[in-house]
2 protein chains.
Amino acid sequence: MAHRWQERERSGAPRLTDVAVLAGVSIATASRALSGGGVVSPGLTRRVLEAADELSYTVNPHARSLAGGLTSVLGLMVYEIDDPYFAEIAGGVIQVAGEHGWSVQVSHQDREAASDLAGVRMLRGQRVGALIIAGSGYRDPAKNATVNAELEAYAASGGRLVAIGHRDIGCDAVLPDNVGAARVAAEHLIALGHRRIGVISGPDTLTTVVDRGRGIDRAARAADVEEIVWAHAAFTRDGGRAATVRLLDSHPGLTAIIALNDTMATGALSVLRERGIPVPQAVSVTGIDDVQVAQDLAPALTTVRLPMASMGRQAARLALRPAGGEPTVREVGHELVVRASTAPPPA
Amino acid sequence: MAHRWQERERSGAPRLTDVAVLAGVSIATASRALSGGGVVSPGLTRRVLEAADELSYTVNPHARSLAGGLTSVLGLMVYEIDDPYFAEIAGGVIQVAGEHGWSVQVSHQDREAASDLAGVRMLRGQRVGALIIAGSGYRDPAKNATVNAELEAYAASGGRLVAIGHRDIGCDAVLPDNVGAARVAAEHLIALGHRRIGVISGPDTLTTVVDRGRGIDRAARAADVEEIVWAHAAFTRDGGRAATVRLLDSHPGLTAIIALNDTMATGALSVLRERGIPVPQAVSVTGIDDVQVAQDLAPALTTVRLPMASMGRQAARLALRPAGGEPTVREVGHELVVRASTAPPPA
DNA sequence: TTGTACGCGTTATCAG
DNA sequence: CTGATAACGCGTACAA
């Protein structure tokens with residue numbers, strides 16, 4: 001009961017010292033018993049563990065970080081956590097992190113390099129032990145340079161760095177095949193007979209957008225597509241709406257629309273519905289990503305599935321792995337999911 | 001240039017000492033100039049600030065936390081970050097936190113008390129400076145007790161605690177009117193003429209579910225609803241599917257379905273579509289929440305809007321406010337949003 | 001107003 | 001295998 005009394009006496013949480021006293025060992029031994037790798041005799045280890053349990057002791061991560069180095073916190077950079085694409089990735093990351101006793105700190109950006117930089121700085125400032133950067137890189141090398149320098153400095157200082165969808169950072173990465181995925185979407189439309197296709201695209205400052213665009217180009221070049229027109233806008237539902245409006249007004253002859261992600265496709269569908277243009281009878285629509293709601297849209301969206309949650313899980317596993325040797329790159333597959341938003345063009 | 005050299009010499013990030021040396025002051029002065037409240041003479045303050053900028057100094061939050069109080073990290077507890085309801089709340093929280101220079105640590109649970117407890121413990125272990133708990137409480141007082149005790153201990157030890165949708169913790173809270181929102185949904189259906197209504201509901205161990213159910217009860221009692229049947233399942237899309245299947249099979253005469261959230265409604269719509277039951281011609285469907293995709297479903301979902309992002313923002317503002325006096329409670333409004341999934345019952 | 005010196009809780013180094 | 005003890009970077013009484 002003596003320890004209970006001591007516990008009450010101190011205002012804050014129990015410290016390592018309290019555990020050590022209760023177990024009758026030095027704090028060094030207590031520390032090793034708790035976190036070290038079995039260097040302490042079994043008897044003492046058990047006593048320490050019991051004491052820690054008795055006091056419901058939890059390490060102070062700040063003290064640990066000060067003394068040692070980094071923390072068991074994983075930093076996650078995304079654009080807009082409320083975009084299903086990132087939300088699903090985040091879900092995967094948080095799940096795996098939790099399983100390993102790590103917590104996840106989320107930082108979300110404005111799709112601008114300056115904002116990215118601020119996010120990385122903040123996370124570095126927090127001394128996170130691992131950092132996953134999701135979201136696209138920038139096509140402009142100058143923009144990437146500053147952020148990447150910060151990122152590489154982080155990795156150089158011992159932090160575990162994993163990129164999702166970035167090829168240009170020399171670190172572990174989980175890479176969707178953006179070129180291939182977009183190509184599959186385009187080929188599907190072409191195979192259905194479409195020859196006049198609109199592409200609604202995010203800003204081509206983002207590498208994801210450029211890659212997906214390239215995939216479409218390839219598919220179009222391989223076939224004899226008469227007309228392929230592009231409309232760029234924000235990589236969001238509203239952007240999708242704006243781009244679709246422009247496309248429809250300027251090129252009334254289009255029979256199909258490829259959206260470079262499902263979020264934009266959602267916007268496209270909403271415009272089409274408002275205008276009373278039947279999908280897929282008059283115009284077919286495809287997306288890319290297969291976010292969970294794609295199956296529930298009106299009509300259900302034909303799209304190319306990227307396993308976001310799994311990408312998040314894989315990235316987290318890479319991030320939690322001890323640093324070692326060569327950067328690991330995991331390419332993830334994609335799969336055409338044909339639903340109700342595509343059909344042959346009207347006769 | 002001397003400082004540059006020193007900077008290189010040390011392996012890690014620049015410390016307060018480095019700034020102090022460069023500015024030619026003591027670390028105490030540097031500390032006060034950077035974070036203190038204008039107690040340092042303007043001249044020195046400027047020199048310190050310039051030095052900090054020159055070195056691109058950032059405080060080590062762990063050292064700060066060790067020395068003094070809590071950290072500029074906000075803990076956020078949600079269920080499934082990839083559920084749009086929570087994703088939208090999280091978006092609001094992260095936005096406001098970012099504006100105030102705080103970062104956000106997300107912990108997501110399994111909708112079980114044990115898991116909740118683990119999450120709170122983890123966040124407390126991290127010494128977060130504020131804690132927002134979203135997601136429902138439990139109806140079972142015993143289940144709440146342990147979690148709430150932990151939560152109150154946190155608040156008692158100086159942490160800022162804000163609840164979203166919990167009434168039973170004596171702390172700042174942002175409260176949607178779950179009873180009223182559900183009632184509005186039911187009244188809408190009743191006004192359309194529906195008298196045989198199915199309710200697909202989450203597990204009634206959650207207070208959110210109970211409250212929403214109560215709202216429906218009230219509406220039903222106030223009118224002469226012939227038949228009202230309940231089906232409970234997980235508070236997810238799949239749960240919505242399961243509950244809908246049971247309802248349809250056991251009570252073929254229903255003309256309307258109220259889902260207790262949009263996610264379940266989405267599941268209901270998918271089952272109805274698979275069975276070729278036209279919505280709203282044969283069966284009307286409503287949800288609650290108005291997640292962003294509700295407008296894009298097939299058909300567009302009639303639902304009751306809760307301002308999730310705004311709730312997140314408000315909660316974050318409360319959490320970032322210095323602790324003081326009485327708990328503040330912000331009730332947030334709701335609004336019926338009539339779309340295409342509801343109509344009068346078939347004749 | 002400014003500087004000195006101690007303590008925060010842990011890990012890691014170095015003796016025993 | 002175990003125990004002292006010195007960092008780690010910062011806030012802050014206390015002294016000047």
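Here is the naming used below: chain letters follow the sequence lines, and residue numbers restart at 1 for every chain.
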Any side-chain donor near an acceptor of the partner, A:Thr146 and A:Glu150, under 3.5 Å:
no
Closest approach to the side chain of B:Arg32, judged atom by atom: which nucleotide of C:dT2, D:dG9, D:dG3 is it?
C:dT2
Find the distance A:Leu16:CG to C:dA12:C1' and express it as a whole number of Å.
13 Å
Closest heavy-atom pair, B:Ala33 versus B:Thr45, reported as atoms and distance to 0.1 Å, is CB-CA, 4.2 Å
B:Ala67, nearest nucleotide to its side chain (from C:dC8, C:dT10, C:dT4)
C:dC8
Which residue lies toward the 5' end of DNA chain C, B:Ala28 or B:Ala63, if each is placed at its nearest nucleotide?
B:Ala28
D:dT2, D:dG3, C:dT10: which one has an atom nearest the side-chain heavy atoms of A:Ser26?
D:dG3
Answer with base, sugar-phosphate or nothing: what part of the nucleic acid does B:Ser31 contact at a heavy-atom distance below 4.0 Å?
base
Output for pair (A:Gln105 CD, A:Gln126 CD), nearest 0.5 Å, gives 4.5 Å
What's the closest nucleotide to the side chain of B:Asn60 if the choices are D:dC10, D:dG3, C:dG9?
D:dC10
Of all the choices, C:dT2, C:dA5, C:dT10, which nucleotide is nearest to the side chain of A:Ile27 once you look at every atom?
C:dT10
Given C:dT11, C:dG3, D:dG3, identify the nucleotide with an atom nearest to the side chain of A:Val25.
D:dG3
Candidate nucleotides D:dG11, C:dT2, D:dG9, ranked by approach to the side chain of B:Leu44 - the nearest:
C:dT2
No-hydrogen, no-angle side-chain donor-acceptor test under 3.5 Å, B:Thr328 and B:Arg321:
yes
Return the minimal non-hydrogen interatomic distance between B:Leu74 and B:Trp102, and the atom names on each side.
N-CE3, 3.8 Å
Considering only D:dT2, D:dA4, D:dG11, which nucleotide approaches the side chain of A:Thr29 most closely?
D:dT2
Starting at atom NE2 of A:His62, determine the distance to atom C1' of D:dG9, rounded to an integer number of angstrom.
13 Å
Does a side-chain N or O from B:Arg64 land closer than 4.0 Å to OP1 or OP2 of D:dC10, or not?
no
Within the pair A:Ser65 and D:dC8, is there a side-chain N or O less than 4.0 Å away from OP1 or OP2?
no
In whole angstrom, what separates A:Leu66's CG from C:dT11's C1'?
11 Å
Measure CZ/A:Arg47 against C1'/D:dG3 and give the value in whole Å, please.
14 Å
Please tell me if B:Ser41 has a side-chain N or O lying less than 4.0 Å from either OP1 or OP2 of C:dT2.
yes
